[in-house]
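Each chain gets a letter, A, B and so on, in the order the sequences are listed, and its residues count up from 1.
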Amino acid sequence: MSDSTVTLAQTPNEASLAELLVEALNLEDVTASGISPTAPLFGYENGSLGLDSIDALEIALAIQRKYGVELRSADPGTRSAFASLRDLAEHVHGRLAQA
Amino acid sequence: MRDAAAGPPAWDSHRERSTPMMLKLLVGLTLLAGRRIMRTLLWPVVLYFWLTGGRLRAASRDYLQRATGRAPGRKQVLRHFHAFATVFIDRVYLLAGRASVLDITASVPEAALEALRSARGCLLFGAHFGSFEVLRVKGMMRNEAPIRIVLDRQVGRMAMSLLERLDPVLAANTIDASRRGPELVLDIKQAITAGSVVGMLADRARADERAVTVNFLGGRVRLPAGPWMMAAALEAPVIIGFGVYCGGNRYECHLELYEPRVELPRATRAQALEAHAQRYAARLEQEVRRYPYNWFNFFDYWLEPPGDA
């Protein structure tokens, strides 16, 4: 799996969001530090975390609880925010900075 | 839990057997001719589908055998098709605001009423059984927030264009389930937060969807896990509903509070999920055995072929 996706180091924001993901989704075979920040969260391609829409809901609820940021379907940035850990961290902290 | 079990050919790969032209004609005629004439005119339509729809016929026979315990004859299959066609035209009347042509009675216990009218929102689980439309009409009358129906606009293109023609407001309030990404669940979450009743059908799982295998009418079937997982994540009350067609112009709405809160504890999540899906399947089975002609899943619904059950 790791040969197709280069695992880059996580920033502190990404690391804490990765913790949240593993906790919220109860991922058993994945550690927080093992999530590549650029790997796709959804879908079936190699290196993807393989999450589905129910996971998306759990993530959105966990983010809302921890950061107070509500991810809304009508926001144009929401779909791209769910692309990878990096995108999600940038989106959440971008929203926090605006608030 | 993540990977979908290899099931029978998915229902969503079937093409809908109607053309926009036919649909337009049928809707126009239904509204023009009135219900009694339409019910008679439906027989040639039913006969056409019976003659040409080998797979529909086979699915109906397999199902009726399981539901009634007897090998159905031609008459039972035709009656099954005619019930489906009747519920379809009645849907047209209901969407067009002509509920008065039907005699609809509703039994809604206080607990269910309270959840349906609460500003906290709730989930309403239906099935491809009887008429979801009568539930909507009878059960939601006094709710402030609009009801939001979750439906796959790609698969149900016909249903969608029917909705758009007859009830544009309801159509605009549907939540499109064809989107596989986060938008669908976020839409549902927002609708619940806004106090809406969010209706969805809980008896069909797509091939690529998380599913639970349960016992149903003596065989094994795949039910979607999503509705239960959503209920748990959103902490929303779950209402289950059956809009039963009782023959003639009579319908009965059975709406009940399933649980004020669905719990899926971390440690026993898979078992809890299966228990909920199984409990729902058992409840559905009760209704199906009482009103066998209300079942409208005309495809290979069971995981094992007929006769193996």
Nearest 0.5 Å, please: how far is [atom2] in [Y] from [atom1] in [X]?
{"X": "A/Ile54", "Y": "B/Leu184", "atom1": "CD1", "atom2": "CG", "value": "8.0 Å"}
{"X": "A/Leu71", "Y": "B/Glu183", "atom1": "CG", "atom2": "CD", "value": "11.5 Å"}
{"X": "A/Arg79", "Y": "B/Arg179", "atom1": "CZ", "atom2": "CZ", "value": "9.0 Å"}
{"X": "A/Asp52", "Y": "B/Asp208", "atom1": "CG", "atom2": "CG", "value": "9.5 Å"}

A/Glu23, CD: over 12 other non-hydrogen atoms inside 6.0 angstrom
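Atom CD in A/Glu23 is not crowded, with 12 or fewer foreign heavy atoms closer than 6.0 Å.
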
Can you say whether A/Gln64 sits under 4.5 Å from chain B via the side chain, the backbone, both, or neither, judging by heavy atoms?
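The side chain, not the backbone.
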
Part of A/Ala24 lying under 4.5 Å from any heavy atom of chain B
backbone

4.5 Å side-chain heavy-atom contact, B/Met230 and A/Leu57:
yes

Close side-chain approach of A/Asp55 to B/Arg210, heavy-atom, < 4.5 Å:
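Result yes, sub-4.5 Å side-chain heavy-atom pair found.
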
Can a salt bridge be assigned to the pair B/Arg269 and A/Glu58 using a cut-off of 4.0 Å between side-chain N and carboxylate O?
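Counted as a salt bridge, because a side-chain N and a carboxylate O are separated by less than 4.0 Å.
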
Which heavy atom of B/Val185 sits nearest to which heavy atom of A/Ser53, and what is that distance?
CG2-O, 3.1 Å

For residues B/Leu186 and A/Arg72, report the shortest heavy-atom separation together with the two atoms involved.
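For B/Leu186 versus A/Arg72, the nearest heavy atoms are CD1-C, 4.4 Å.
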
